[in-house]
Novice: 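Encoded as structure tokens, here's the structure I'll be asking about.
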Amino acid sequence: VRTSGLMRARLDLSGPKYAQSAARSRFYHTLEDRLAALDNLPTSLASNAPFEGGAARRLLIAGGPVMPFGERPLVLTVTIGRGYFPTLGTRVNRGADFDAVNSRSNDFPAIVNERFVEQHFAKQDPIGRRIQLSAPIGRNEQAESYVIVGVAPNIRQRSTEDSGAFDPIVYVPYAVNPVSVASILVRSDSAA
């Protein structure tokens, strides 16, 4: 991640006006459209910017071994907006970014990082594979199913990670998971 010129502002939609996920989804859609209109200024949203962690969720891989809920591996999830990886100065290594995914599909798209692939798919191609994520730990919500559409580079999500180790991460779009908090990320390479 290129941190030079990257700015962040925090947004919290936890008030009663945005209690329903549909209201948050509409807000984020409008915000993303407005951010996209800023000429030559890469912008995006993230529930957790790099070094800010992510939501811990239990993972189940379709076609994989069936495990009791408490024994399923934990992964970090980060909800991201359009243009997330280019805003960070990187790109999806394999497959597609959310911008390139057919939004008319009934499948919820997910992008995983290289560490996720190493841990859960070894030498298999993860593109097109289905996964299920529990609700964030401590919340009583339904599990969600996703199809992996891309593989991203390893990005440090927690400041406590060892220099050589990365967490397995699943990135999901705001359109599917309109959480109540967001970091607005803006890259400005001009001197400020």
Side-chain angles (χ1 to χ4, degrees), residues 1 21 25 28-29 32 44-50 52-158 161-162 164-179 182 185:
V1 174
S21 65
S25 185
Y28 288 129
H29 182 76
E32 284 188 314
S44 190
L45 303 173
S47 60
N48 304 84
E52 291 184 345
R57 297 172 83 170
R58 296 277 180 193
L59 171 70
L60 181 64
I61 298 172
V66 177
M67 295 183 231
F69 182 80
E71 294 177 19
R72 294 178 186 173
L74 283 171
V75 295
L76 286 182
T77 57
V78 179
T79 304
I80 62 173
R82 298 185 296 228
Y84 178 74
F85 296 105
T87 300
L88 294 182
T90 188
R91 60 185 173 82
V92 171
N93 294 340
R94 291 181 277 163
D97 201 335
F98 294 141
D99 300 346
V101 174
N102 181 351
S103 61
R104 291 182 301 239
S105 171
N106 290 330
D107 295 322
F108 292 158
I111 296 172
V112 298
N113 69 345
E114 292 286 356
R115 180 69 177 145
F116 180 97
V117 175
E118 290 168 13
Q119 282 191 349
H120 300 291
F121 286 102
K123 295 178 182 180
Q124 300 172 9
D125 184 6
I127 306 298
R129 295 289 302 268
R130 295 181 187 285
I131 60 174
Q132 187 177 66
L133 298 173
S134 71
I137 301 302
R139 292 173 64 189
N140 188 19
E141 298 171 11
Q142 275 189 277
E144 298 167 335
S145 295
Y146 295 87
V147 62
I148 298 172
V149 298
V151 178
N154 291 325
I155 296 172
R156 197 162 306 288
Q157 262 324 114
R158 295 183 303 139
E161 290 174 298
D162 293 334
F166 291 91
D167 286 313
I169 299 173
V170 178
Y171 297 96
V172 298
Y174 269 96
V176 173
N177 187 37
V179 293
L185 303 171

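None of these values were measured; they are calculated from a predicted model. Keep in mind that the numbers below use all heavy atoms, side chains included, and drop hydrogens, waters and symmetry copies.
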Novice: Out of I61, V117, V149, which residue meets the side chain to side chain contact (heavy atoms under 4.5 Å, CB included) rule with P126?
Specialist: V117
Novice: Quick one: closest heavy-atom pair of P173 and P109, and the distance?
Specialist: CD-O, 3.4 Å
Novice: Taking the side chain from T87 and the backbone from G83, do they hold a donor-acceptor pair closer than 3.5 Å?
Specialist: yes
Novice: Verify side chain to side chain contact (heavy atoms under 4.5 Å, CB included) between F166 and R156, making sure each step is shown before the conclusion.
Specialist: CA-CA 6 Å; F166 291 91; R156 197 162 306 288; 3.4 Å; yes
Novice: Look at the side chain of Y84 and the backbone N and O of L185, then say whether any donor-acceptor pair between them is shorter than 3.5 Å.
Specialist: no
Novice: Can you check whether S47 reaches Y174 side chain to side chain, under 4.5 Å on heavy atoms?
Specialist: yes
Novice: Under the side chain to side chain contact (heavy atoms under 4.5 Å, CB included) criterion, do L45 and Y28 qualify, and how do the steps go?
Specialist: CA-CA 9 Å; L45 303 173; Y28 288 129; 3.7 Å; yes
Novice: Can you name the nearest heavy-atom pair linking P73 to H120, along with the distance?
Specialist: CG-CE1, 3.7 Å
Novice: Indicate yes or no for a side-chain donor-acceptor contact from R57 to the backbone of S134 under 3.5 Å, with no hydrogens or angles considered.
Specialist: yes
Novice: When V151 is tested against each of N113, I127, D125 for side chain to side chain contact (heavy atoms under 4.5 Å, CB included), which residue passes?
Specialist: I127
Novice: Kindly give the heavy-atom pair with the smallest separation between N154 and E114, and that separation in Å.
Specialist: OD1-N, 3.4 Å
Novice: Okay, side chain of R72, backbone of L60: is any donor-acceptor separation there less than 3.5 Å?
Specialist: no
Novice: Do you know the tightest heavy-atom contact between P168 and Q119?
Specialist: CG-OE1, 3.2 Å
Novice: If only atom types and distance count, is the side chain of S44 paired as donor or acceptor with the main-chain N or O of R82 below 3.5 Å?
Specialist: yes
Novice: Do you know which two heavy atoms are closest between G53 and V78, and how far apart they sit?
Specialist: O-CG2, 4.1 Å
Novice: Mind checking the CG-OG1 spacing from N48 to T79? Nearest 0.5 Å is all I need.
Specialist: 7.5 Å
Novice: Spell out, as yes or no, whether a donor-acceptor pair under 3.5 Å connects the side chain of S21 to the backbone of P178.
Specialist: no
Novice: Taking atom CD1 of I169 and atom CZ of R115, what is their separation to the nearest 0.5 Å?
Specialist: 11.0 Å
Novice: CG of D97 to CD1 of I80: how many Å apart, nearest 0.5 Å?
Specialist: 6.5 Å
Novice: Just verifying a value: how many Å separate L133 CG and L74 CG, rounded to the nearest 0.5 Å?
Specialist: 11.0 Å
Novice: Less than 4.5 Å apart, side chain to side chain, heavy atoms only: is that true for I111 and F98?
Specialist: yes
Novice: Heavy atoms, side chains only, cut-off 4.5 Å: are L76 and R158 in contact?
Specialist: yes
Novice: Parallel, tilted or perpendicular for F85 and Y171, by the 30°/60° rule?
Specialist: perpendicular
Novice: Check whether any side-chain N or O of Q132 sits under 3.5 Å from a backbone N or O of E144 as a donor-acceptor pair, and report yes or no.
Specialist: no
Novice: Report yes or no: does E118 contribute a side-chain atom to a donor-acceptor pair with the main-chain N or O of K123 at less than 3.5 Å?
Specialist: no
Novice: Looking at every heavy atom in both G128 and V147, which two are closest together, and how far apart are they?
Specialist: O-CG2, 3.4 Å
Novice: I want to check something: taking the side chain as every heavy atom from C-beta on, are I148 and F116 in contact at a cut-off of under 4.5 Å?
Specialist: yes
